[in-house]
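Notes follow the structure.
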Amino acid sequence: QVQLVESGGGSVQAGNSLRLSCEVSGSTFLGHAMGWFRRAPGKGREFVASIGWSGFVDSVGGRFSISRDNARSMVYLQMNSLKPEDTGVYYCAAGMYSSTSRRDYDYNHWGQGTQVTVSS
């Protein structure tokens, strides 16, 4: 059974950084794109970043960077220059394909999420 466990969330002031981690178990990690999504209070799930064999994409103008350690089955999200609007629950997701995707329906396994709160 595939499991994704996020960690690294917390409360920080605007301008600071956080690094989220996601550990994947129970599945072949290689060959699948990985993604990060978030859900802000009162809003729908939003794409943040995705990484696959061919590279990565993100939606936050370069403030965040996604990386993966295939040997450890880990995915990371480095978040810099955090803003209050980055507040939300961040979810790690495992994709069905090897290519990056911004679409949540291209991901078939999800973690429970980790809370990120950024105060001004």
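Given the structure is predicted, the values throughout are model-derived calculations rather than measurements.
Qualifying side-chain contact (heavy atoms from CB on, under 4.5 Å) partners for R72, counting only residues two or more places apart in sequence or in other chains: D69, M74. Listed by chain and number, the residues in a side-chain contact (heavy atoms from CB on, under 4.5 Å) with A40 are K43 (sequence neighbours excluded).
No more than 12 heavy atoms of other residues, nucleotides or ligands lie within 6.0 Å of CD in Q13, so this atom counts as exposed by the packing criterion.
Grouping the Ile, Leu, Val, Met, Phe, Trp and Tyr side chains by contacts below 4.5 angstrom, directly or via other members, places V48 with I51. Hydrophobic clustering, with ILVMFWY side chains joined whenever heavy atoms are under 4.5 angstrom apart, groups F56 together with L4. The cluster map of Ile, Leu, Val, Met, Phe, Trp and Tyr, joined by side-chain heavy atoms under 4.5 Å apart, puts L20 and I66 in the same cluster.
Of all heavy-atom pairs between F37 and F47, the closest is CD2-CA, 3.4 Å. W110 and D104 get closest at one heavy-atom pair: CZ2-O, 3.5 Å.
For the residue pair E23 / S25, no side-chain donor-acceptor distance below 3.5 Å is found, with atom types taken as modelled. Between the side chains of Y107 and S50, at least one donor N or O sits under 3.5 Å from an acceptor N or O.
Y91 has its side chain out of reach of R38: every pair of non-hydrogen atoms, C-beta onward, lies at least 4.5 Å apart.
For residues 49-64, the pairs satisfying salt bridge (charged side-chain N to carboxylate O under 4.0 Å, His left out) are R63-D86, with sequence neighbours left out.
Judged by distance alone, with hydrogens and angles left aside, the side-chain atoms of Q78 form no donor-acceptor pair with the main-chain N or O of F64 at under 3.5 Å.
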